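The figures that follow rest on heavy atoms only: side chains count, while hydrogens, waters and symmetry mates do not. Note that the structure is predicted; figures quoted are calculated from it, not measured.
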Amino acid sequence: MDKFIVNIIHRPEMVPEYAQKVTGHGGKEEDTGNKALLTESLDIFKTQQAIAHKYGLKTTILMTYASLFNAEAVAQAKADHAQYGDEIGLTLLGLPCTEFKEKYKTRDFCIWMFDLETKKQIVDDVFGKFHEIFGFYPKSTGSYYMDADLTNYIKASYPDVVCEIATCWEESKAYHTCNESWYTFEDGGPWAPWIPSKANTHAPAANAEEDSGVVAIPHLSRDLIACYDGNGSNFGTHPQNVLRGLLYKPGSFAEDGSYGGQEYPYFCNLVDQYRYQGRFNGGISYNMMHVGPGWMNKAGRWEAPYELLLASYEDGCRYYGELKKSGKLEDMTMSEFAEFYRANKRYTEPEVALWRDMIYGSDKQYFWYCDPNMRVLLNMDLCGAITDLRPYVGKLVWPIGIGTPHIQECSYPFLIQGMYRAGPFTHYAGAGTLRSAKLQYNGEEVDLKLCRTHGHVSNNGGKVVTLDPVEIEFTGLKLKLQTVVSFPEGESVIRFDRRVLEISDPDARVHIDEYMTACYGTNEYPEDMSVVTLEASANGETEALQYAYRDRHSTLAGAQEVSATIPPIATTVRLTAQGPDAAGYFAEGYAFSPMFDLGFRGTLGKDEVFTTWLKLEKAD
């Protein structure tokens, strides 16, 4: 199969979230009935629809609650459904309107942040109004985030729903570039379509029993390096995001007032890099573009005039249209895609991405892996070190909203996170989270995280990443080492094989230290590590240590397995090894560096392999 699929999604927001105050339409007070704003918003929605249809693209129209009270918006949706085959769905964005505010007496608008009973009431109101207007219930819905309780309620109450926009990939990164006022913390989820489990939206279902009944898609198709390293709102398949990230060549105004000549190589490259991922995922690749009217208002955005905003959207749709015309793209509605996805994907089948930097010329390469047990990031700039690890195997129940412990914090917790917990480069004391290895020879040490390389993906009972060999030089000794990282399908295991391909002294042996430095959390701030239990076992003997910030180390000689159990995220992580002189250890951290270490030490010589297995389990 060779199929690249795109969802083009529009929503007729009557009170666009970005236009109400930014452009001054509403004055100092919010005015959800402002006629000029309503007219402009509807005109922009019509323009978006017309542009998509101009290039032969069908859309999914996600009606907002406010738009259900607007006869013209309803008529437009019906007409486009009849003429172009556009799907009419229902979004839980765009709630604020006169009717909503009069009933709920709040300025809150993020559906996942309400208490559960209010969520249900809002859903019933919105779905009921949709049915009243259209005579049927929608097959597609969504928001910036759809928590598990919300998804489960919608599927149970409105079973026609088969597809939802469920999260914004790595959205929390925007917090630091939005004056610390962007309270949508949604890190740790899949970047590509998945079937969410009933327990946690981020975690893909492992089987039919866990299946929430819907196919989930991300809010945008993001740049899988730039959005992880920086602000995700600047790097995605949203033409106006590209403008905000200044990733374009501006055009100019002609004498007749028209605007043209702009170029968007980054946007096209981003779309093409998603197309490229099909070769690693059974020939299937996916893209989505979801644009609300507020991004194209007449007053402009990000110091860009309306003419450029309009032109950027047309140019984006033109590129999708060109791909479709040449037979390289298939446009689907959300429900059509959900049907296709279920017919062509297994529950345990992983989604992977081999991603290269497209902006800074760094030659950086990331490998992303996601299945029902974990989400993993291998950084080839660090010789394949793990710099992000989310243990989905815990299927962590994490209620969201008012009345829960997590009113805004939706992120799935990590064990390793290179952006929030320092990663490879740290302060003069302490350590960041990382899974890597060190080599020692005659008192000298080289950490593989300092060795840049590239990887190549293949299939062998799962996904296998073979890294290009790296050359390591000690005083009096040179060697060439290759790393192979394997992900056996359905086993919740990551296997690292380190092989010495060449060595200047055939009789020399080097020491190897395979280590994992980890913790748990969802952001930069440390959690209570005293709940963590570290263990080592050898020949039936076990040594356990309850974390107490005392900088203690294991003393069990010849340990064959080391582990850490972290009850707050319902996860146990185990490390085992096979190789010359292999012996495990664990280490407790301290207050300045509240991490823990699991590792194995051994030796390596010419043509020898040292293998470690990192296994994740659900902790009872």
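Contact annotation: the side chain of M288 approaches that of L220 to within less than 4.5 Å [non-hydrogen atoms, C-beta and beyond]. A 4.5 Å side-chain heavy-atom check between F267 and N241 finds every atom pair outside the cut-off. Inter-residue side-chain proximity for Y144 and W112 is flagged as met; some heavy-atom pair is nearer than 4.5 Å. At least one side-chain heavy atom of C317 sits under 4.5 Å from a side-chain heavy atom of L57. The shortest distance between side-chain heavy atoms of N200 and K395 does not fall below 4.5 Å. In this structure the side chain of P12 reaches within 4.5 angstrom of the side chain of M63, judged on heavy atoms. Side-chain contact between D160 and F136 is absent, with no heavy atoms from C-beta onward closer than 4.5 Å. For the pair L116/Y153, no side-chain contact is recorded, criterion being any heavy-atom separation below 4.5 Å from C-beta on.
To the nearest 0.5 Å, atoms OG1 (T98) and NZ (K103) are separated by 15.0 Å. Once rounded to the nearest 0.5 Å, the distance linking CD of E527 with CD1 of I566 reads 12.0 Å. Here the straight-line distance linking atom NZ of K120 with atom CG of D115 works out to 10.5 Å at 0.5 Å rounding. Note that the OH atom of Y137 and the OG atom of S157 stand 9.5 Å from one another [nearest 0.5 Å].
Crowding of E349 atom CD: a count of heavy atoms from other residues, nucleotides or ligands under 6.0 Å exceeding 12. The 12-atom threshold is exceeded at NE2 of H406, counting heavy atoms of other residues, nucleotides or ligands nearer than 6.0 Å. Residue Y525 places its OH atom among 12 or fewer non-hydrogen atoms of other residues, nucleotides or ligands, all under 6.0 Å distant.
Under the ring pair (Phe, Tyr, Trp, His ring centres under 6.0 Å) test applied with Y286, the options F337, W191, Y274 reduce to a single match, F337. Exactly one residue among K155, R342, K345 makes a salt bridge (Lys or Arg N to Asp or Glu O under 4.0 Å) with D211. That residue is R342. T59 pairs with exactly one of D331, T333, D86 by the side-chain hydrogen bond (donor to acceptor under 3.5 Å, both in side chains) rule, that one being D86. Checking each of L92, I400, T167 against M146 for a side-chain contact (heavy atoms from CB on, under 4.5 Å) leaves exactly one that passes, namely L92.
In terms of heavy-atom proximity, I217 sits nearest to I9 at CD1-CD1, 4.0 Å. Between P239 and S312, the closest heavy-atom pair is CB-O, 3.4 Å. Considering all non-hydrogen atoms of both residues, N297 and Y306 come closest at O-CD1, 3.6 Å. For the residue pair C97 and Y65, the shortest heavy atom distance occurs at SG-CD2, 3.8 Å. Residues S140 and T60 come closest through the heavy atom pair OG-CG2, 3.7 Å. Across all non-hydrogen atoms, the minimal contact from L354 to Y276 is O-CE2, 4.0 Å.
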*Taking it one step at a time, do W295 and H238 satisfy ring-ring contact (aromatic ring centres under 6.0 Å, His included)?*
CA-CA 10 Å; W295 296 89; H238 185 322; 4.5 Å; yes

Report task. Mind running salt bridge (charged side-chain N to carboxylate O under 4.0 Å, His left out) on E171 and R222 for me, showing each step along the way? Result -> CA-CA 10 Å; E171 183 71 6; R222 307 280 198 182; 2.9 Å; yes

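In summary, the aromatic rings of H10 and Y313 are positioned with their centroids under 6.0 Å apart. The ring of Y145 has its center closer than 6.0 angstrom to the ring center of H202. In summary, the aromatic rings of Y55 and Y320 are positioned with their centroids too far apart to meet the 6.0 Å limit.
Salt-bridge check for K119 with D149: failed, with every basic side-chain N at 4.0 Å or more from each acidic carboxylate O. For K58 and E336, the salt-bridge test passes: some basic side-chain N is under 4.0 Å from an acidic carboxylate O.
Judged purely by distance below 3.5 Å, without hydrogens or angles, the side chains of D125 and Q121 never pair a donor atom with an acceptor atom. Counted by atom type alone, D124 and Y158 present one or more donor-acceptor pairs between their side chains at under 3.5 Å. For the residue pair Q417 / D187, no side-chain donor-acceptor distance below 3.5 Å is found, with atom types taken as modelled. D229 and Y366 are linked by a side-chain donor-acceptor pair at a separation below 3.5 angstrom, with hydrogens and angles left out of the test.
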